[in-house]
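Below, chains carry the letters A, B, ... as their sequence lines are ordered, and counting in each starts from 1. Everything numeric here is computed off the predicted structure, so don't read it as measured data.
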Amino acid sequence: MENYNPQEIEPKWQKYWEDNDFYQAKDLTESGSAKKFFALVEFPYPSGEGLHVGHCRSYSALDSIVRKRRMEGWNVLFPIGWDAFGLPAENFAIKTGIHPSVSTQKNINNFKRQLKNLGLSFDWKREVNTSDPKYYKWTQWIFLQLFKNGLAYQTKIPVNWCPKCLIGLANEEVIGGKCERCGTQASKKEIKQWMFQITKYADRLIKDLDDVDYLEKIKIQQKDWIGRSEGTEAIFKIDGSDQELKIFTTRIDTIFGVTALVLAPEHNLVSILEKNISNSAEVKKYIEKVREKTEFERVNLEKERTGIKLEGIWAANPVSNQKIEVWLGDYVIGSYGGGAVMMVPAHDRRDYDFAKKYNLPFKEVVKGGDISKEAFVDYGVLVNSENFSGESSEEAIKKIQIWLEEKGLGGVSIQYKLRDWIFSRQHYWGEPIPIIHCEKCGVVPVPEDQLPVELPFVEKYQPTGTGESPLAAITEWVNVKCPKCGGPAKRETDTMPNWAGSNWYYMRYCDPQNDQALGSPEKLKYWLPVDWYNGGMEHTTLHLLYSRFIYKFLFDIGAAPSPEPYQKRTSHGMILSYDGQKMSKSKGNVINPDDIVKEYGADTLRVYELFMGPFDQAIAWNIQGVKGVRRFLDKLYNLVLECSPNKESSDQAQRLIHRLNQRITQNIESMRFNTAISGFMEFVNFAADNKKETGKDSLNRMLLLLSPFAPHLAEELWQKIGNQGSIFQQKWPVFDPALAQAQKINLIIQVNGRMRDKIESDPEISEEEAKAAALASPKIQNWLNGQQPKQMIFVKGRLVNIVV
RNA sequence: GCGGGCGUGGCGGAAUUGGCAUACGCGCAGGAUUUAGGAUCCUGUGGGUCUCCCUUGUGGGUUCAACUCCCACCGCCCGCACCA
């Protein structure tokens, strides 16, 4: 007999499906009465390392879902494309001189070949590429809309800077405070950057989570990332100056316990009051030292908080008028809550440590703890708080807020951890920001009819040494006429981060060739929002949140048809290497999907990745598991060819196949692929032992159920055992619930909660019968040993528990 | 450090969401077949002082009943804003 030979059958069916255009989504009028289903996977960054087995996991999973949905009659859109801009291609170009567009195209070709070899049912006619000018024309258009609506602005921001390479560094390129390339201590450099006001959307980004179906952990992580915090703003006046300090606190009830103010070292008050600071030389030194550290190190990794007193500066407590010191502290960050905190050593742990270290006074204002031992951070009753003494913390917060508001010294305030989004990159391989700087007119947007602003083709990508993008060196590109006044002007030389293209790529799939708009309103309205988006947990707070923001903005200006882009979001776990570590070229532990396809077949790879463990959990690669899956597919192949083709299935075979039908139908939708595959294994084990009982009806049904997971094998066997047409033109099988239900159960009999006997019975057995049967069991009699049951618990269809 | 998640045999995991702990697969052992190896097939496989007892990271709690719920601790993984 011939054996299962994936190397032969897989290319054959891939060609057949492609030639017959099985996977093209139908637009609007062509779609008839079918309901639309837009399934989305994160498009890959086409790296030089090729497709990762992690991509296969996510793609195989959604592929199985969409194949089932197509068989159920849905009009499915399952597209793919390339997130083609990015730092690695540029770094590769600096090293080798090969243009990023060349290496990127080469990588795309490789990825495309790899994806096609997996037999994924993508609609290749809708492929998008973020580095294609026809695509990024619309990325730039979105930027212009944000600019015109006041959501894009420029400001100076410190970036990581290598003083030797004279280049800005991504956080990832700073390893232990040093430049990844040359090992020099990295510093900071202030550079003017484009920013997006995502903070304006903070509340909506939280609230609208109520209307979408995301995994709960994804919602929680997004909410925590946005970090909405209701508190109080209080204004402290600076002595002998017209300056004032705004601080944010969630514990305004402790304001009578303030013994100092602490500012972030980058706070602008330091330079404003420089003349009044008697130790300003030391203060400057301190600021320089703090600058060398990343914010992450400052706030989190340093065991010791550091700080310095601003000598000669005094602030007035707005409620008590008490004079207090002003300090700088590295644990205060400039971007949150105004970059200033009131220090209450008695009732905040960080303040407690700081005050202990620098011998600052403690003042207890909430009763209940022992502040000689540790900070008391709970709510309680106020003491030493003038008129507010005796109030509870909750009441005091409300009353002090009202009091501050009346006096014009602050009031209720809401702060977010979420910060505005730095959108500039000083790199070559990204979308040019479509802005022109005119000496006379200032910042002028490129007129929309002049989009796209194409990336000029250059020979050199070396950094300019000034912190500017390599584009700044191309004078013939940079120097332009101002679109407003016609005078001399310069192009913006910053490019966009790679989020820019991935912010909206899924919208482009709806109408990928459109040159008049990012998509026709009709097509966008038909397909959006995405019905199901699967991706990695690592994208929860950046890509997922960013793209929701951009989509909401587009909705506000009428360019998107719904308030949310993704109706449902699920997430797959990472695939680690056989050593339990992340795969990386440098560790030499990368699994190449090509090798697996070549040796075992694409269906084996797909089924293995779905079987290997729970879909949402990280898991290590195991080649023995791959072999086991191949063994199973071999067994299934032989079984189908050996079973009695013309016999009717026995009752038992029928019940089992209907139960499998139910299980697979449910497991695909709930992404419990691992138990789905084990269900097939159980059925195949049964059928292999009972070949005479297993007829063609059961086998056909099994093949239909299998087709979303192992499409090539299912198609091959479907046609081989004499069925007409492609298996993917068939209807998804419907199970008979009566057949799928077990007709006999093991009724568990427990004594004191421990299983002591099983009685085979009808699932509908009544309480009386079950209890009688339990007491009648000789085993149970033996266990009871003459004792009278105190209580008997009956759980229908499950058990009887006798308590003695 | 902060936020999120996870922890079950030698290994990956299952357990109808509070009701038989260890389905299915891997590995291992024995047997069949084979000149041999591989492959394939059959049987067995949580531990122990084995009619019984113990076992779901550790310790406690709730319950007739806990892998599942609650509290504390330990360990691992993801993210932390210029990687994608």
Ignoring backbone atoms, establish whether N801(A) has a side-chain N or O less than 4.0 Å from OP1 or OP2 of A65(B). no
Phosphate OP1/OP2 of G27(B): any R631(A) side-chain N/O under 4.0 Å: yes
Grab the [atom1]-[atom2] distance between [X] and [N] for me, whole Å please.
| X | N | atom1 | atom2 | value |
| --- | --- | --- | --- | --- |
| R663(A) | A14(B) | CZ | P | 11 Å |
| E173(A) | A81(B) | CD | C1' | 15 Å |
| I677(A) | A14(B) | CD1 | P | 13 Å |

Side-chain donor/acceptor contact of Q221(A) with base of G5(B) under 3.5 Å: no
Nearest to side-chain heavy atoms of [X], which nucleotide of [options]:
| X | options | result |
| --- | --- | --- |
| A170(A) | C64(B), C83(B), C78(B) | C83(B) |
| F611(A) | A65(B), C24(B), G79(B) | C24(B) |
| E538(A) | A23(B), G79(B), A14(B) | G79(B) |

Select from N746(A) and D420(A) the residue whose nearest nucleotide in RNA chain B is closer to the 5' end of that strand. N746(A)
Specify the glycosidic conformation (syn or anti) of U49(B), with syn defined as within 90° of 0. syn
Between G10(B) and G79(B), how far apart are the two C1' atoms, rounded to whole Å? 33 Å
Check R630(A) with D634(A), please: is the shortest side-chain N to carboxylate O separation under 4.0 Å? yes
Please name the residue in the list Y546(A), W194(A), F196(A) that meets the ring-ring contact (aromatic ring centres under 6.0 Å, His included) test with F423(A). F196(A)
Which word best sums up how the rings of H539(A) and H543(A) line up, parallel for under 30°, tilted for 30 to 60°, or perpendicular for over 60°? perpendicular
Is the ring pair Y135(A)/W504(A) parallel, tilted or perpendicular, if the boundaries are 30 and 60 degrees? parallel
What contact category does L87(A) fall into here, base, sugar-phosphate, or nothing, at under 4.0 angstrom with non-hydrogen atoms? sugar-phosphate
